[in-house]
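Quantities reported herein were computed from a predicted structural model and do not represent experimental measurements. Labels below follow one simple rule: chain letters A, B, ... track the order of the sequence lines, proteins then strands, and each chain is numbered from 1. Excluded from the calculations below are hydrogen atoms, water molecules and symmetry mates; all remaining heavy atoms, backbone and side chain alike, are included.
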Amino acid sequence: MKIAKVIVDVPLMQTDKAFSYAVGQEFSELIEPGMRVHLPFGTGNRLVQGIVVEVLEQSEQLENLKTIAELLDPEPVLTPEQLWLADEMRHSVFSYKISCLKAMLPNLLNSNYDKLLRASDGSSSKWSELTEAQKIASAKAVRAGEISIEYLAKSKENRKIEKYLSVPDLDKLAQFEIEKRAKKRLELKYFLLRLNQEKIALKTLDFSTQIIKFFVEHDLVKIEEVEISRTKEKFAAIQSDQAKQLNAEQTQAFEKIIHNPERTFLLEGITGSGKTEVYLQTIDHFLKKGQTAIMLVPEISLTPQITNRFIARFGDKVAIMHSGLSDGEKYDEWRKIKSGQAQVVVGARSAIFAPVENLGIIIIDEEHESSYKQDSSPRYHARDIALLRAKWHGAALLLGSATPSLESRARAMRGVYDLLLLTKRANEAAILPEIQVVDMRQEISDQSTNFSQTLLQKIKEKIEKNEQIILMLNRRGYSSFVMCRECGFVVDCPNCDISLTLHMDTRTLNCHYCGHVQGIPQTCPNCQSRKIRYYGSGTQKVEEELHKILPEARVLRMDVDTTRTKNAHEKILDKFGKHEADILLGTQMIAKGLDFPNVTLVGVINADTGLNLPDFRASERAFELLMQVAGRAGRADKKGEVIIQTFNPNHYAIQLTKAQDYEKFYEKEMAFRKELSYPPYYFTVQVLISHQNEEIVIQKAYEIAQLLRQNLTTKAKILGPTARPIARTHNLFHYQILVKYRFEEQLENALNQVLELTQQRENKNLRVLIDSEPQNFV
DNA sequence: CCTAGTGCACCA
DNA sequence: GGTGCACTAGGT
C-alpha cells in the first residue's frame, strides 16, 4: 500500500506539518509528490486541499489512516525543486509551509472553499453568494438543523479553449452533394474548399450552429479543441528585432558570464549603458544551449517598453508574468512555462518561482529595488530564492543595477559575486545629464508655490522647444494634511496615528494606511473656527498649480490614484510617448525604467520626502531614486537636464546625486552602516508585535525581547522594543524589536519559540510577525 | 437534573 | 479553520 505525506491547506501552527494518508488503489499508480489532492480532514472530515510532498511504499498495513479523496492533477503542479525550495525558504521566512507552496502556484490552482447550504426543501445556495444578512439568517437556520452544510473545495482552474474546424478529407467534401436550396450549407462547403485544409476558429465563422452540426454529422468536418493563450494577440503585434553590436565593456561582461555559468555576477552600469542588451544576449546564449532563463523586473517598471523588447527578441518563447494579468491570464502563462513552450520568463518578484526546467541563467534587473522583498507572508526576498535556484540548477545569477544595494555591492567587493562594470553609455553620443540642485530655502519666501523660478523657467523653455518634461513628487493626493489656522488642530485618522490626506477629486480625506475615508470638515472639529487650511502638496495639488501657472502645458498625472484601473499605467505612458502631453507628473513610479527620447528635463519637486524617515536605508533609497529619475533625462541625442529642489541641499545623498558618484556614496554609506552595525555588516531580523491594547503590546514586547536575549549570544544587538514610527494603524498598536547579528546559531530556534508563545491562549489577540532582513521600517 | 453558552484541544 | 466535547452557569 502507498502512503502519501500531505501538507494540508489549513494555515495554522498546529497543522503546519505533513499528514500521512492512505492512497486508494485507484490513485496508487498515479500519485506523485507535487500533486494537489482533496482529503478528509479534522473531526468533521470536511474536504480540504493539500499538496503531496512525499509518497512512501508501505508493506504492512499501518494504523487506520484516512484515505485521499481525490487527485486534482494528472501530473504534479510542483516540481521536486519547488518542494525543496519550500523547505529551504522556511529557514528564513517565518511562515507556514502551505503558504510557501501556494506562493509558487498561480492563483487559479489555489482552490477556494465554499459552503453549499442545503435547505430541507432541496434548494441550495452558495455561502459566498449570500449577502451579510442572509449569511446570519442561514447560520441560525444551520444551528436549528433546518439547513445542512456541504463543503465545496473546488479548483477554479479554467483553461481557455477555442474550437477549431478542419476538413479531414477534401475530396469527400468536394463530392458531397448538397441540395441547391440549402444556400447556407453550400456557402460553407465552398468556403471550406477554398480554405484548402487550413484550420479555422469556429468563432470567426459566420454560420449558425445548425449548419456546422450538419457538416459534423456527415463527417465532413472535424472540431478540435485547442487550448489558446490569452496573450497571443499581443505577441503577434510586436515586430521582432536583432541583436545589437556590443561595445567593449558589454562584450567583456557577456564573455565573463557565459564562461562562468555557475557564478553570481553584479552588473553595475550607469543608466543608458546598455544593461538590457547584455541581458538579452546572455539569455540568447543559454537558450541556444537548450537552457531556460528567468528575468526579474520590478513590478512598477514591468512596462510594455521592457516586455516588448523581450518579445521582440525571443517571440513566443517568452512568458510574461505580472500583477496586471487576470488570474486566467496568469494561469495561461504558467501553463506555457510548465509545458516547456516558453523558455524565457519575464516577470515581477513571484516569477522567481516559475516552473522552468534546466535553468541556465537568472537575471534580476534593478536588483536594489525593495519590491523584490514580499512585504506580506511569506516574506521572501526574490534574490535569496534566486540564489537557491541557481545553486540547484548550477545556473548563473546576474544582478543588474545602476546603483546596487549596499548588500550586493559589498558581496561583490569581497569576491562572493563577480563585479562587472559598464561605465560608458551604449550610445556614444549620449552624454550624462547635467544636474542642478536648487536650495528651496533661498527661494523667495513665498510658500504658496511648489516651483522655484529656476525650474519654472526651464519648464517654459522646454515646452517652447517642443520637448518633454518629467516631474516627480513623491506624495500623492492633494494636501498631506488639513490643519486649523486658529488652534492648530490636525485631522487624524480615527484608526491610525497619522493625519488624513486630502483628495480633491473625490473631495474627501483619505487614510493611506487603512483606507478610511471621510468628508472635509467645514469648521474645525476642535474650536469651530472656519479657518481650515490645507498644507503640504501632493500630485493633485501640483497638477492644479501647473494648470494655473502654465495653462498651455498639457499635463498627465501618474500615481496610484490614476493607475488603479487595468492598463491605466500603460495608457498614460503610451499617451506621453506619443507626445500628447508635455509634462508627466507623478510619484516615484515614473522614475523606473521609462525611456522617452524626447524628455530633456527632469524636475524633482521635493527631494526631501523620505530623506529624514526613521529608517537606516533612507539615504540609500533617496540616492537610488534621485539617480534613477535623473537617468530619465536626455537618453537620446539631446542633452538632458535635471533640477532637484530641496530644503537639504547639503545632504550627502543629494550632493552625490549631483556629482553622479555612486562610488563615493557607497563609501560614505558603508562607513555609516559600519559605525551603527547595520547591514551589510550585520544581518537584521525584525519582530513586530501588535494588539488593540497598548499596555498589553508593551508588556508582551518586553517578554519577547527577554526571550530573545536569553537565547542569543551577547554579540547579538537587540534594539527595542520601541513603538513603530506610526504607532497605531487599523486600530492596533504596533511595537517592534530589531535584532542585529552576525552569527547566531540559536536564532531560528529562538524566533520559533517567539512564534510558539503566540499560540498560548492568553495571547489570543496578539499578532506577532517576524521579518528577516526587513526592507521598510516605516 | 437539564440545557444553552463558551473555552479548548485536536486534526493522519 | 472547524468540530466535538467538557465544563459552567443559570433555569426548573
Under 3.5 Å between N/O atoms: give me all the protein pairs with nucleotides 8-12 of chain B, atom names plus distance.
residue, atom, partner, partner atom, Å
dA12(B), OP1, K66(A), NZ, 2.0
dA12(B), O3', S20(A), O, 3.0
dA12(B), O3', K66(A), N, 2.7
dA12(B), N3, S20(A), N, 3.1

Open item on the list: Determine whether the aromatic ring centres of residues Y380(A) and F353(A) are separated by less than 6.0 angstrom.
Closed with: yes
Task: Gap between atoms CG and P, on D9(A) and dG2(C) respectively (whole Å) - done: 12 Å
Open item on the list: Please report the distance, rounded to the nearest Å, between CE in M13(A) and C1' in dG2(C).
Closed with: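 Rounded to whole Å, this separation is 19 Å.
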Open item on the list: Can you tell me how the ring of F683(A) sits relative to the ring of Y741(A), calling it parallel under 30°, perpendicular over 60° and tilted otherwise?
Closed with: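 Ring orientation of F683(A) relative to Y741(A): tilted.
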- [ ] Indicate the ring-plane relationship of W392(A) and W84(A), choosing parallel, tilted or perpendicular according to the 30° and 60° boundaries.
- [x]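 Rings of W392(A) and W84(A): tilted, as their planes differ by 30° to 60°.
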- [ ] Work out which heavy atom in A354(A) is nearest to a heavy atom in Q82(A); give both atom names and the distance.
- [x] C-NE2, 4.4 Å
Task: Salt-bridge criterion met for D492(A) and R728(A) (N-O under 4.0 Å) - done: no
